[in-house]
Amino acid sequence: MGFEVIAIAGLVLFVIIFNNKNQLQKFIISSDSSVNFFREKDYDFYVVAKYGNDVDPNILYSKRIRMSLYAGLFILLLFITDLTIMNFLKIIGAVIIVYKLPYVSLKKSYKKYMSNVDSMLPYYLKGLEILCQNYTVPVALSKSIEDAPDIFKPGLKDMISRIDAGDSSIDPYMDFAKRYPVKDSMRMMRLLYRLSLGAQENKHEQLTLFSKSVSTLQNKARETRYKARLDWMERQTMVMLVVTGGGMLLVLMFSMLFML
C-alpha cells in the first residue's frame, strides 16, 4: 500500500511541476517575488565573476530554487506515509543543503580565482615595469597583452581601449583594479597612472618607485606561496600521523581481543 501511495503522489507532483515549470520560473525571477528574500546579496556578483555578463543570474537562481524544491519533494515522497516531526526536519534540511550548495561552490570558485590573480599580478607588473622603461605607459600596456596571463587580458583590453579613446583620467586604471580586487591592486594602479602622467625628467623617479613596489609585491607573493606549501606539508604530516596512530591503535585492540 505504501509503495502505491508514493507512486501516485510522485506522478501527481511530476505532472504539476511539468505543467507549471514556466510559471514557476517567472515567479522566481520576478523582482517582487518573495523567494528573492532568501537570495544572498553577493550572489549576482559571484555569478558574473565566474561566468561573465553572458549568463543571467536570475536564470541560475531560478534553477537553484527549482532543484531545492525538487529535492524537498523527492524526500517528501520517501516519507509521505510517515510524516513525523523528525522526517519533516529532514525534508527542510535537504531543501536548505541543495539550495546552498551552488552558492558555496560559486564562493569557493571566486576565492580560488582571486588567489590566482593575487599570485600572478606581481609577475605581470614586473614585465610591465620593464616595458615602461622603454615606452610610454599606454604603449607598454598594449605591448604587455601578448605575454600577460589570460586572466588579465579582458581587463587590459578594456582599459587600453578606453585610454586610446581619449580617457586620460584615472578611471580606466581604477576600473581595472576593481575588476581584480586583490591586495595592493588599487595602489599599484595609482602608481601606474602617476607614471603615465609624469614628465620625461620625472619618469626615472616614478619608475623607481613603481619598481620598488613591484619588488615588494613579488616578495609577498613568494612568502605566501611558501607558507601555503608549508601548511600543506603540515596537514599531510598530521594526516599521516593520525592514520599511523589509528592503525597502531586498531592493531593493539585486535591483539588484546585475540589474547582474551
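Keep in mind that this is a model prediction, so the values were computed, not measured. This chain uses plain numbering: 1 for the first residue, then up along the sequence.
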For the residue pair [X] and [Y], establish whether any side-chain heavy-atom pair is separated by less than 4.5 Å.
X      : Y      : answer
Val98  : Arg64  : no
Leu76  : Phe88  : no
Lys178 : Met186 : yes
Gln206 : Phe210 : no
Leu69  : Val95  : no
Glu129 : Leu125 : no
Leu121 : Ser185 : yes
Val214 : Leu217 : no

In terms of hydrophobic clustering (I, L, V, M, F, W, Y; side-chain heavy atoms under 4.5 Å; direct or indirect links), are [X] and [Y] co-clustered?
X      : Y      : value
Ile151 : Met159 : yes
Tyr51  : Val117 : yes
Ile97  : Ile65  : no
Tyr43  : Phe45  : yes
Leu207 : Leu209 : yes

Least distance between heavy atoms, [X] atom then [Y] atom:
X      : Y      : value
Val137 : Tyr173 : CG1-OH, 3.8 Å
Ile130 : Asn134 : O-ND2, 3.9 Å
Ser213 : Leu191 : OG-CD1, 3.3 Å
Ala140 : Tyr135 : N-CB, 4.1 Å
Cys132 : Leu192 : SG-CD1, 4.4 Å

Before giving the answer on side chain to side chain contact (heavy atoms under 4.5 Å, CB included), spell out for Met174 and Tyr193 the whole-Å C-alpha distance, their side-chain angles and the decisive distance to 0.1 Å.
CA-CA 9 Å; Met174 288 296 97; Tyr193 176 68; over 6 Å; no
Any donor-acceptor N/O pair, [X] side chain to [Y] backbone, under 3.5 Å:
X      : Y      : result
Ser142 : Pro138 : yes
Ser115 : Lys111 : no
Ser215 : Ser211 : yes
Ser105 : Leu101 : no

Checking Ser169 now: which residues fulfil side-chain contact (heavy atoms from CB on, under 4.5 Å) with it, not counting sequence neighbours?
Asp167, Asp171, Pro172
Across all chains, not counting sequence neighbours, the side-chain contact (heavy atoms from CB on, under 4.5 Å) partners of Ile145 are Lys153, Leu156, Lys157, Ile160
Hydrogens and angles aside, do Ser161 and Asp158 bring a side-chain donor and acceptor to less than 3.5 Å of each other?
no
Take Arg39 and Asp44 through the side chain to side chain contact (heavy atoms under 4.5 Å, CB included) test and state the conclusion after the steps.
CA-CA 9 Å; Arg39 190 167 180 161; Asp44 290 8; 2.7 Å; yes
Just say parallel, tilted or perpendicular for the rings of Tyr124 and Phe152, cut-offs at 30° and 60°.
tilted
Could you label the plane-to-plane angle of the Tyr113 and Tyr180 rings as parallel, tilted or perpendicular, counting under 30° as parallel and over 60° as perpendicular?
tilted
How long is the gap from [atom1] on [X] to [atom2] on [Y], to the nearest 0.5 Å?
X      : Y      : atom1 : atom2 : value
Lys108 : Leu106 : NZ    : CG    : 12.0 Å
Asp147 : Leu128 : CG    : CG    : 11.5 Å
Lys112 : Met114 : NZ    : CE    : 13.5 Å
Ser196 : Leu141 : OG    : CG    : 8.5 Å

Give a yes or no on this: more than 12 heavy atoms of other residues, nucleotides or ligands lie within 6.0 Å of atom NZ of Lys126.
yes
Counting only heavy atoms not in Ile85 (residues, nucleotides, ligands), do more than 12 fall under 6.0 Å from its CD1?
no
I'd like to know if Arg194 and Glu205 make a salt bridge, using a cut-off of under 4.0 Å between side-chain N and carboxylate O.
no
Taking salt bridge (Lys or Arg N to Asp or Glu O under 4.0 Å) as the test, write out the residues that go with Asp164, two or more places apart.
none
Please test Tyr61 against Asp56 for side chain to side chain contact (heavy atoms under 4.5 Å, CB included), starting from the C-alpha separation and ending with a verdict.
CA-CA 9 Å; Tyr61 185 70; Asp56 187 354; over 6 Å; no
Tell me whether the NZ or CZ atom of Lys107 lies within the 45° cone about the ring axis of Tyr46 and under 6.0 Å from its centre.
no
Cationic tip of Lys100 above Tyr103 ring, under 6.0 Å, 45° of axis
yes
